[in-house]
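Since the structure comes first, as structure tokens, the remarks are kept for the end.
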Amino acid sequence: MGSGMRYDPVPLGIKCFKHATGPSPPRNIVYKCWILALTFFVYMSYHMNRKSLGVVKSTLHGGNCSDNTTSEGWAPFNGTDGTELLGYLDTAFLLSYAIFIFACGSIADTISLRYFLTVGMIGTSIFMTLMGMARYFEIHSLAYFVIMQIIIGAFQATGWPAVVAVIGNWVGKGSRGLIMGIWNSHTSVGNILGGLIAGAESNSLDTWGLSFIYPAIVIGGLGIVVFLFLPTNPQAVGLPPPNQSTTEEDEERLIKSLQHHSDDSDDEGNIIRDPNSIPAISFCKALRIPGVMEFSIALFFAKLVCYTFLFCLPDYVHSIKINGTQYDSQKSADIATFYDIGGILGSIICGLLADKTGCNAIVCIVFQILSVPLLYVYYQFGTISMSAQLGIMFVLGFFSNGPYALITTAVSADLGTSEAIRGSSQALATVSAIIDGSGSIGATLGPYITSVLTNHKDGPDKYQRVFTVLEVSAFIAALCLLRVMIKEISKLRVRRIRRITMNSTSIQSSRRFSD
């Protein structure tokens, strides 16, 4: 088996399913729907596990409980430097994630994506459980929590390059923006469910460990499902790749030819070679693909904004008074879900607009520019009433999450299968890792900057400088895409000229025919 050759045994669950359905195998659409659904829940579980720490911060640091009493917190986070120490945990996770995701992209392009995802999900489950067990083993060592976060970050880095590569293998370019916009709502759904599940146990010092253990059980169970039921590309189950037009007869002919290929499968057709398996693209070559650098830098700043909200929004809501009322950590986590609900709709609309216009950069710039004044409005007027808090938060989530979702999904998949790299069909995971890894560096800085700027501070102005940083970051994210936007505008002009020329030619032809 040469370098860059990926062999992927047909999953046991799929084999049993094929035996149960008889000689007529499921068509492409059945598998495609299954892949979209399964990878949706897979990455939803990844984000569920990222939400836990942000939800329990106020309990670990000490603060108001649901019964209006005051929690003494959990050492070593209950001292005057508690906010800063909790920021170290965010930084440990995100820095580990940012470092390992670059390596994970290259690895995922050369081995079975199914095995790769399974290891990442089971590993996340184990160490998230150990993080929660710190409560029951009475562990108060900062080093323990930091080490757990570093290891969890490394296992979490396996998720994104692998799921984007799987989706890219199954979904054609024509509808990627809309499909991936809907599919990418897994991020917000995972944040919402993670906030609700973790929030249900976060208020009490007796049960905060369950805020880590419950999400760990979910991702571990789904890891087993992935191992048993995830075909990572259409060829693995005898189907044509996306965007390749075939009739039912062609499809059956392909299935039979793959099943009887003596070199690439065993007697039962259990192991099928990916016809597109050739040496994976190098990191440097992937970095030189037009658009990769611009979108990577833009995602750096866009993800800085989104992850600051992901890790710090529940604590921010907990720190302010909404219409004169301060809410406990559980209620604050519930309120913060409106940011992610807005993000779901924003991801879908952003993807739809990108499909309709074919201009990813223009769509991202418009959304990012609109998010800048919304950040200011949210900070200044979000405390007037609960309606203002939820409404502005929802709209802010809509505009700030849209570009982040589009860049990490459809843009990554498009660049990873662009004409510039026709010589390598295994660039999806590498390109996805470069773009998301760059974004993850920004995601690392966001919560860390927040912890530094808010440490030793209380009151309504605690987050003032944080929001200034977020506004500047959102604006810079838009500026990074100006060069790509200019190219897209040029393409739109060429497209318009061609359309006018074709129309005039058609009119002239009609006149000649009538004459």
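Numbers here simply count residues along the sequence, with the first being 1. Keep in mind that this is a model prediction, so the values were computed, not measured. What's counted below: heavy atoms across the whole structure, side chains too, no hydrogens, waters or symmetry copies.
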Ring-plane angle category for F311 and F93, please: parallel below 30°, perpendicular beyond 60°, tilted otherwise. tilted

For K57, salt bridge (Lys or Arg N to Asp or Glu O under 4.0 Å) partners two or more places apart: D90

Parallel, tilted or perpendicular: ring planes of W34 versus F229, cut at 30 and 60 degrees: perpendicular

Between Y378 and Q389, do the side chains contain an N or O donor and an N or O acceptor separated by less than 3.5 Å? yes

By salt bridge (Lys or Arg N to Asp or Glu O under 4.0 Å) - contacts of D340 (at least two apart): none

For the residue pair F40 and H186, categorise the inter-ring angle as parallel (less than 30°), tilted (30 to 60°) or perpendicular (more than 60°). perpendicular

Give a yes or no on this: more than 12 heavy atoms of other residues, nucleotides or ligands lie within 6.0 Å of atom CZ of F338. no

Would you call the rings of H140 and W74 parallel, tilted or perpendicular if under 30° counts as parallel and over 60° as perpendicular? parallel

Look at the rings of Y43 and Y46 and say which category their plane angle falls in: under 30° parallel, 30 to 60° tilted, over 60° perpendicular. parallel

Ring centre gap for F398 and F367 strictly below 6.0 Å: yes

Who are the side chain to side chain contact (heavy atoms under 4.5 Å, CB included) partners of S45, not counting sequence neighbours? M121, V218, I219, L222

Return yes when atom CZ of F102 has more than 12 non-hydrogen atoms of other residues, nucleotides or ligands closer than 6.0 Å, and no otherwise. yes

